[in-house]
Amino acid sequence: MLFDIIANYESYTPQTIVMRVFAVLIILFAAFPLHEYSHALTAKLLGDNTAEERGRLTLNPFRHIDPMGAISMALFGIGWAKPVPVNCAKCTKCKPKTAMAITAAAGPLSNILLSYVFMIIYKVVYGFALQDVVINGEGQLALSQVSIYPYIIGALSIVIQINIYLAVFNLLPIPPFDGSRLFLAFLPAKIYFKIMKYERVIMIVIMLLLFTGILSIPLNTLTDWLISGLDWATGYVDVLMGY
């Protein structure tokens, strides 16, 4: 019900533009730093202090933001931060390849966990928004004219979608994404280094596939599945909010 009401607010008005800008800022100043911090912290716990020595074991967004990645995020809804340096050879808690896989998984997992938190907030705000629903002169359900709930919910929705999309994007099993380090951790060293030689070429191809929309189809499908999973995992909030 409320989603139909909110749909009326999705045009490009000054309010919705602010809403989208706010969502992107949350990604840049919360999701990106948490993602990179998770890599750095995991490496630290496994015995590698490389990221800490270079000042990257921090949630300070300015230590992680990549200018081009931030611009891409603002313009196209997809971006990146500066990769955290990790030296798996220094990881004393497990074998280097295992350390590579664990530290790589930490970033996307942080995005999913952050989306889980935002999903809870989203549903709580949704519950309060339902109390602001009125019947307009045409006998239809609508939100009061002064309601700010559509914009809050809209911003939270964008944050959740982008955050999950970034997690899925980073789990692609190709360099330079985190998924490649998960996948390549199980390959012989010779094959791994041969693939890494073409990291930049692969990145260019991936960006072309994204901009042409070819890669967006499977990524969007996986994103929708994960969001549905988060919706199910936060079902208790629906019960507590009474809807």
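Residue numbers count from 1 along this sequence.
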Any heavy-atom pair between the side chains of [Y] and [X] that's under 4.5 Å?
X      : Y      : value
Met100 : Arg181 : yes
Arg54  : Val84  : no
Leu222 : Tyr165 : no
Leu166 : Phe32  : yes
Asp178 : His39  : yes
Met241 : Lys123 : no
Asn163 : Ile27  : yes

**OP:** With side-chain contact (heavy atoms from CB on, under 4.5 Å) as the test, would you mind laying out the steps for Leu226 and Val168 before giving the verdict?
**Re:** CA-CA 9 Å; Leu226 273 174; Val168 172; 3.5 Å; yes

Original post:
What residues, two or more places apart in sequence or in another chain, satisfy side-chain contact (heavy atoms from CB on, under 4.5 Å) together with Ile65?
Top reply: Phe29, Pro61, Ala70

Between [X] and [Y], which heavy-atom pair has the shortest distance, and what is it?
X      : Y      : result
Leu114 : Ala31  : CD2-CA, 3.7 Å
Ser110 : Ser38  : CB-OG, 3.1 Å
Asn170 : Pro108 : CB-CG, 4.1 Å
Arg56  : Lys82  : NH2-O, 2.6 Å
Tyr116 : Ala233 : OH-O, 3.7 Å

Hey, could you give me the [atom1]/[atom2] distance between [X] and [Y], rounded to the nearest 0.5 Å?
X      : Y      : atom1 : atom2 : answer
Asp231 : Tyr122 : CG    : OH    : 8.5 Å
Ile121 : Ile152 : CD1   : CD1   : 11.0 Å
Leu209 : Ile217 : CG    : CD1   : 11.0 Å
Asp66  : Ile71  : CG    : CD1   : 9.0 Å
Leu109 : Leu171 : CG    : CG    : 7.5 Å
Ser157 : Tyr126 : OG    : OH    : 12.0 Å

In terms of hydrophobic clustering (I, L, V, M, F, W, Y; side-chain heavy atoms under 4.5 Å; direct or indirect links), are [X] and [Y] co-clustered?
X      : Y      : answer
Ile164 : Leu28  : yes
Tyr236 : Leu156 : yes
Val24  : Leu75  : yes
Leu230 : Phe118 : yes
Val239 : Met119 : no

Original post:
Are a donor atom and an acceptor atom from the side chains of Asp48 and Asn87 found within less than 3.5 Å of each other?
Top reply: no

Subject >> Flag if over 12 foreign heavy atoms under 6.0 Å of NZ, Lys90 >> reply: yes

Subject >> More than 12 heavy atoms from other groups under 6.0 Å of CZ on Phe22 >> reply: no

**OP:** Let me know which of Val86, Thr103, Leu57 forms a side chain to side chain contact (heavy atoms under 4.5 Å, CB included) with Lys44.
**Re:** Leu57

**OP:** Spell out, as yes or no, whether a donor-acceptor pair under 3.5 Å connects the side chain of Arg63 to the backbone of Gly55.
**Re:** yes

Original post:
Would you say the side-chain atoms of Arg20 pair up with the backbone N or O of Ala155, donor to acceptor, closer than 3.5 Å?
Top reply: no

